[in-house]
Amino acid sequence: MKLRAPPTSEDELFQRARRLAGRDLSWLAKRLDRPVPPDLKHDKGWIGHRLEEALGATAGNLADCDFPKLGIELKTLPTDENGKVSGSTFVCGAPYDGGGGRHWESCWVRKKLHRVLWVPIVGGGYVGSRRIGTPLMWTPDAEEEAILSADYTELARILHSGELDQISGKRGQALQLRPKALHGDQTTWMLDDEGEWARAMPRAWYLRAKFTRRMLEKAFLL
DNA sequence: GTGTGATCATCT
DNA sequence: AGATGATCACAC
């Protein structure tokens with residue numbers, strides 16, 4: 001496999017993504033010399049990894065953007081045939097110490113979402129027949145930023161409080177906290193509400209489909 | 001174990 | 001159908 005060199009500018013990255021639009025994933029897999037899996041049950045990150053390869057994202061980077069030099073995060077976004085977002089979007093892990101800071105201004109979530117290249121993946125069913133949609137280079141507008149900030153502040157407070165039973169995917173308008181593990185019995189350490197070390201299921205930050213759906217509508221219908 | 005990439009399975 | 005909780009693979 002030959003990795004593409006990282007793009008040197010935001011515009012170059014966006015143009016690369018634009019040239020992929022309209023192609024299906026069978027085409028992309030062939031171009032990357034990769035087999036298309038029958039489904040994603042055992043390789044849920046397959047689509048994301050193929051887009052990273054195709055666009056020249058830095059391989060194997062940890063706790064950083066996909067394009068560190070450009071400060072841009074790459075995310076695929078599953079949609080139905082009409083371009084309507086059909087699932088939530090993983091953002092980053094949510095450690096129980098508050099997740100890179102309790103304050104929105106300095107947290108990982110804000111840093112990750114400051115500049116995102118969204119690549120819609122259109123259609124369901126057989127992976128190879130899903131198509132790459134029109135990309136969107138995005139920064140939260142004032143309204144979106146306010147919603148994210150409010151959600152984060154509330155949820156980070158709960159995380160830090162150690163009140164495990166208060167953590168629920170039902171909370172949050174745009175951001176939510178959900179389990180993120182390899183197995184149901186996987187645990188990590190946390191401080192409970194009495195300040196004692198305890199085991200708990202790892203959690204992560206996600207964007208609700210409602211939020212990204214509205215985001216795409218703003219960008220493409222207005 | 002924690003980070004990356006997410007979708008699957010199930011219940012309402 | 002939409003949403004929540006559970007799960008899969010790989011790098012380091």
Side-chain angles (χ1 to χ4, degrees), chain A residues 1 3 6 25 28-29 32 34-68 72-82 84-100 107-109 111-113 116-128 130 132 151 155 158-159 164-190 197-214:
Chain A
M1 232 310 295
L3 269 178
L25 296 181
L28 183 63
L32 296 171
R34 298 271 191 180
V36 179
D39 57 57
L40 300 179
K41 283 179 188 173
H42 303 288
D43 201 353
K44 297 178 179 179
W46 190 86
I47 298 177
H49 292 313
R50 296 297 78 75
L51 264 299
E52 287 182 342
E53 283 181 9
L55 295 173
T58 309
N61 55 355
L62 76 174
D64 204 350
C65 296
D66 295 297
F67 302 94
I72 296 172
E73 177 75 10
L74 169 67
K75 293 215 166 291
T76 59
L77 200 51
T79 77
D80 66 14
E81 291 294 339
N82 299 314
K84 181 178 172 182
V85 176
S86 58
S88 56
T89 307
F90 168 77
V91 180
C92 60
Y96 289 95
D97 64 4
C107 72
W108 294 346
V109 177
K111 187 175 164 68
K112 284 270 184 185
L113 297 181
V116 180
L117 176 61
W118 296 100
V119 179
I121 301 298
V122 184
Y126 173 61
V127 177
R130 303 182 193 184
I132 299 169
D151 281 349
L155 295 171
I158 295 172
L159 260 189
L164 259 187
D165 56 349
Q166 294 300 306
I167 301 174
S168 160
K170 295 182 178 65
R171 292 182 182 272
Q173 194 181 142
L175 275 175
Q176 63 180 168
L177 241 21
R178 300 224 308 273
K180 166 75 167 173
L182 250 45
H183 313 289
D185 55 0
Q186 184 176 344
T187 60
T188 188
W189 288 104
M190 67 169 295
W197 286 106
R199 285 274 185 192
M201 177 176 297
R203 297 236 175 19
W205 298 99
Y206 294 82
L207 285 176
R208 290 183 179 281
K210 273 187 182 176
F211 181 82
T212 46
R213 195 174 295 156
R214 175 117 196 278

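Quick note on labels: first sequence line is chain A, next is B, and so on, each numbered from 1.
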For this session: Working to the nearest 0.5 Å, report the span between OG1 of A:Thr188 and CZ of A:Arg199.
Result: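 It is 7.0 Å, given to the nearest 0.5 Å.
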
Side-chain N or O of [X] closer than 4.0 Å to phosphate OP1/OP2 of [N]:
| X | N | answer |
| --- | --- | --- |
| A:Lys75 | B:dG5 | yes |
| A:Thr188 | B:dT2 | yes |
| A:Arg208 | C:dT4 | yes |
| A:His49 | B:dG5 | no |

So what does [X] hit on the nucleic acid, given a heavy-atom distance under 4.0 Å: a base, only sugar-phosphate, or nothing?
| X | value |
| --- | --- |
| A:Leu40 | sugar-phosphate |
| A:Gly184 | sugar-phosphate |
| A:Thr76 | sugar-phosphate |
| A:Gly45 | base |

Once hydrogens and angles are ignored, does a donor-acceptor distance under 3.5 Å link the base of [N] to the side chain of [X]?
| X | N | value |
| --- | --- | --- |
| A:Arg130 | B:dT7 | no |
| A:Tyr206 | C:dA3 | no |
| A:Lys180 | B:dG3 | no |

Exercise. More 5' along DNA chain B: A:Gln186 or A:Pro78, using each one's nearest nucleotide?
Worked result: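 Per heavy-atom nearest nucleotide, the more 5' residue is A:Gln186.
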
Problem set entry | Shortest non-hydrogen contact from A:Pro37 toward A:Trp46 |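 Scanning both residues, the minimum pair turns out to be CD-CE2, 3.4 Å.
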
Exercise. Any idea which heavy atoms bring A:Leu182 and A:Gln186 closest together, and the distance?
Worked result: N-OE1, 2.7 Å

For this session: Mind calculating the distance between CZ (A:Phe90) and C1' (B:dT2) to the nearest angstrom?
Result: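 Checked: the CZ to C1' distance equals 10 Å.
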
Exercise. Would you say A:Arg213 has more than 12 foreign heavy atoms packed within less than 6.0 Å of its CZ?
Worked result: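 Enclosed: over 12 neighbouring heavy atoms sit under 6.0 Å from CZ of A:Arg213.
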
Problem set entry | Which residue lies more 5' along DNA chain C, comparing A:Lys41 with A:Arg171 via nearest heavy atoms |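 It is A:Arg171, whose closest nucleotide lies nearer the 5' terminus.
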
Exercise. Is there a donor-acceptor pair under 3.5 Å between the side chain of A:Arg178 and the backbone N or O of A:Ala204?
Worked result: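 Not confirmed, A:Arg178 side chain does not pair with A:Ala204 backbone.
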
